[in-house]
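To keep things clear, I will list the structure first and then write my remarks on it.
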Amino acid sequence: MCGIIGYIGKRKAIPILIQGLERLEYRGYDSAGVACLPIAKFDRSTDGQEGSGSIHPRFCVYKERGKIAQLKSRINHGFPDAHIGIGHTRWATHGAPSKVNAHPHLGPRGQIALVHNGIVENYDELKSELKRKGSRFKSETDTEVAAHLIESYYHGDLAQAMRLAAKRIKGFFAFVAIARSEPGRICALKRSNPLVVGIGRGEHFIASDVSALLSYTKNVIYLEDNELVELKSDSIRVTRIGSRKRLKKKVSRVDWSVEEAQKGGFRHFMLKEIYEQPRVLEEILEKRAVGKNTIEFDTISAKIQSRLKHTDKIYMVSCGTAYHAGLVGDYLFEDEQLARIPAEAHVSSEFRYSAPLIGRNDAAIFITQSGETADTLAALRQAKKRGVLTIGIVNVVGSTIAREADAVIYTHAGPEIGVASTKAYLAQLMTLSLLSAYLGVLRGRLSKSQLEKFVREAKQLPRKVSEILQNQSAIDQAARALYRKGHFLYLGRGYNFPNALEGALKLKEITYAHAHGYAAGEMKHGPIALIDSEQPVVCLAPRKSRTYDKMLSNIEEIHARQGIIISIATENDQMIKRRSRFIFWIPNTLEQFSPILTAVPLQLFAYKVAVLNCRDVDQPRNLAKSVTVE
Ligand code: M6R
């Protein structure tokens with residue numbers, strides 16, 4: 001996790017670093033800091049260290065515990081005129097969230113300043129070695145160890161010192177560093193964790209992701225693993241860590257606007273992103289469902305198409321909400337009305353340490369919003385080693401998983417900033433639905449007329465999601481009545497079992513209430529013991545479903561035990577209405593699309609409960625948007 005940024009150019013560095021950090025805050029927000037090299041003497045006392053009598057100014061370092069706002073209010077009292085600097089927003093791994101553990105960290109003589117995203121796995125061993133040589137550490141972090149290590153190799157050439165240090169470091173990282181005696185150069189290197197260079201006129205930027213750069217430039221270079229970049233205001237030099245040969249790097253153009261990455265009048269990013277869902281679905285359909293009975297995936301080449309045609313089995317590998325999308329994918333791919341391919345959804349952190357019987361004729365799909373999730377990335381790399389076809393279903397363009405998979409299908413949800421995934425989830429569900437129909441056609445299971453019916457219904461979904469968004473009074477009522485409850489159960493079957501898990505995840509991550517999702521058929525095997533007149537149970541029961549009657553029986557059972565039933569049901573379903581304390585209506589749709597509709601009231605309910613509890617909706621405690629550590 002953690003967000004890092006660097007700037008070199010003619011403008012004042014500090015405001016640029018702070019603004020960049022605000023955009024990266026979703027990656028971690030327990031402490032933040034910046035370091036810069038002022039161009040003139042600056043008298044204000046700082047957290048920086050005294051240099052060793054060099055003519056170069058010493059670093060000015062500012063750090064605060066908590067969010068960027070804290071750091072900003074301190075810096076607003078006055079900051080030095082500097083044209084080079086680095087910044088960091090932290091999600092603690094080694095050492096508690098505190099000012100002293102916040103980055104940047106300096107070397108022992110204050111010669112270099114370093115920010116880091118990742119983990120130095122052998123930091124203990126390196127720390128003991130450096131201590132024996134005289135290093136004294138102020139923080140508990142692995143990053144300070146890396147700063148001391150780099151400085152121990154530093155003899156006037158920062159890039160060289162970083163190359164040598166990288167050879168000693170086990171683990172994964174993105175490092176950005178500046179040296180006191182080289183005020184015209186930023187050096188950065190990466191192994192596993194993302195770094196992107198922003199190209200300006202007479203200025204350059206580097207950050208964990210493009211959202212930090214969008215106000216300044218749309219021209220970027222994505223760094224690959226084991227690449228080192230040296231940035232001056234007028235040049236960029238990229239080399240491999242182990243070589244000095246300059247690499248030719250492709251410049252990419254980012255098409256997200258700054259506005260797209262901002263709140264646009266909504267109280268929270270999460271709410272804005274929930275409201276963007278009809279548009280997101282529309283865009284996916286415009287791109288993929290081009291004719292009345294044609295589905296296109298422009299990034300699936302003829303070669304990949306032919307491998308997919310003969311694939312024995314599809315594995316879907318992902319984490320959190322994206323895992324729930326994988327579970328829906330499981331039902332979609334195996335559906336006898338669609339592709340009818342054996343499919344299995346796995347949690348990435350389990351998959352990467354298991355020994356799945358995955359064959360060369362199988363395909364593995366990695367579903368991820370960020371494209372940077374550490375476990376999903378590790379699972380992808382393993383699958384590639386086994387020679388299976390790998391496909392990324394990814395939101396963030398140019399992210400590591402997007403680049404490393406054999407093929408990438410972008411979900412086109414736009415930037416998702418709220419930690420709780422909403423529009424990215426719906427985009428994943430829509431993409432998987434269309435992919436399963438596409439494979440159904442490819443494998444000769446779905447006729448043109450069946451596809452036409454499927455596409456026709458898909459095209460109604462943006463309007464149907466809008467309808468749900470327009471009528472939230474029942475959701476408001478339920479949230480007001482139940483927001484103090486500490487325990488919730490979520491039940492669903494078939495296509496809506498994954499959404500029972502997703503509804504529970506959404507509620508717990510942003511409200512901190514305990515919530516548990518179950519396959520409704522499992523009720524009698526234990527959870528029914530929880531039901532009494534105080535227990536809220538959210539029941540997902542859309543009408544068009546193979547298991548509708550079974551779900552109705554489950555609702556009866558909860559009703560008989562006086563449980564508080566909150567149902568998500570198809571408009572005008574009086575049977576369910578009679579037994580429910582609260583009912584959230586959804587329009588009728590095909591069973592295969594029902595998770596796209598049932599997800600929306602679940603998101604809104606979690607959001608409203610969180611707001612009533614005054615929770616930090618967009619940045620819930622202990623979480624980060626992009627989980628780049630195991
Ligand atoms: O970026 P990814 O889709 O790979 O992230 C996976 C999970 O970390 C993510 O879905 C997480 O569970 C969200 N906080 C859920 O709202």
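FYI, side chains are in, hydrogens and waters are out, and symmetry mates aren't considered; it's all heavy atoms of this structure. One-based numbering, in listed order, for ligands and for the atoms of each. Note that the numbering runs from 1 along the sequence shown for the chain.
Between the side chains of Tyr216 and Gln19, at least one donor N or O sits under 3.5 Å from an acceptor N or O.
Numbered from 1 in the order shown, with element, the atoms of ligand 1 that lie under 4.0 Å from a heavy atom of Thr321 read 10 (O), 12 (O), 15 (C), 16 (O). Atoms of ligand 1 lying under 4.0 Å from at least one heavy atom of Ser421, given by number and element, are 15 (C), 16 (O). Near Ala420, meaning under 4.0 Å from any of its heavy atoms, are these atoms of ligand 1: 16 (O). For ligand 1, the atoms closer than 4.0 angstrom to any heavy atom of Ala322 are 3 (O), 10 (O). Those atoms of ligand 1 that come under 4.0 Å of a heavy atom in Lys506, given as number and element, are 15 (C), 16 (O).
Between the side chain of Asn395 and the main chain of Ala413, a donor-acceptor pair closer than 3.5 Å is present.
Of the protein's heavy atoms, Ser370 OG, 2.7 Å lies nearest to atom 1 (O) of ligand 1. The single protein non-hydrogen atom nearest to atom 8 (O) of ligand 1 is Val627 CG2, 4.0 Å, given as residue, atom name and distance. Closest to atom 6 (C) of ligand 1 among all protein heavy atoms lies Cys319 O, 3.3 Å. Scanning the protein for heavy atoms near atom 3 (O) of ligand 1, the closest one is Gln369 N, 2.7 Å. Atom 5 (O) of ligand 1 has its closest protein heavy atom at Thr373 OG1, 3.5 Å.
Not less than 6.0 angstrom separates the ring centroid of Tyr425 from the ring centroid of His324.
Between Glu282 and Arg279, at least one side-chain nitrogen of the basic residue sits less than 4.0 Å from a carboxylate oxygen of the acidic one, meeting the salt-bridge criterion. With salt bridges taken as basic N to acidic carboxylate O contacts below 4.0 Å, none links Lys67 and Glu25. By the 4.0 Å N-to-carboxylate-O rule, Arg621 lies too far from Asp616 to be salt-bridged with it.
The one candidate from Lys249, Arg191, Lys190 that meets the salt bridge (charged side-chain N to carboxylate O under 4.0 Å, His left out) condition with Glu227 is Lys249.
The shortest N/O to N/O separation between Lys625 and ligand 1 does not fall below 3.5 Å.
Residue contact annotation: Val419 has a non-hydrogen atom under 4.0 Å from ligand 1. Note on ligand 1: Glu372 sits outside its first shell, no heavy atom being nearer than 4.0 Å.
Between Phe333 and Met316, the closest side-chain pair of non-hydrogen atoms falls below 4.5 Å.
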Should Tyr490 and Leu602 be marked as a side chain to side chain contact (heavy atoms under 4.5 Å, CB included) after you check the CA-CA gap, both sets of side-chain angles, and the distance that decides it?
CA-CA 10 Å; Tyr490 283 72; Leu602 294 173; 3.6 Å; yes
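The heavy atom nearest to atom 16 (O) of ligand 1, considering only Met270, Glu509, Lys508, Gln603, is found in Glu509.
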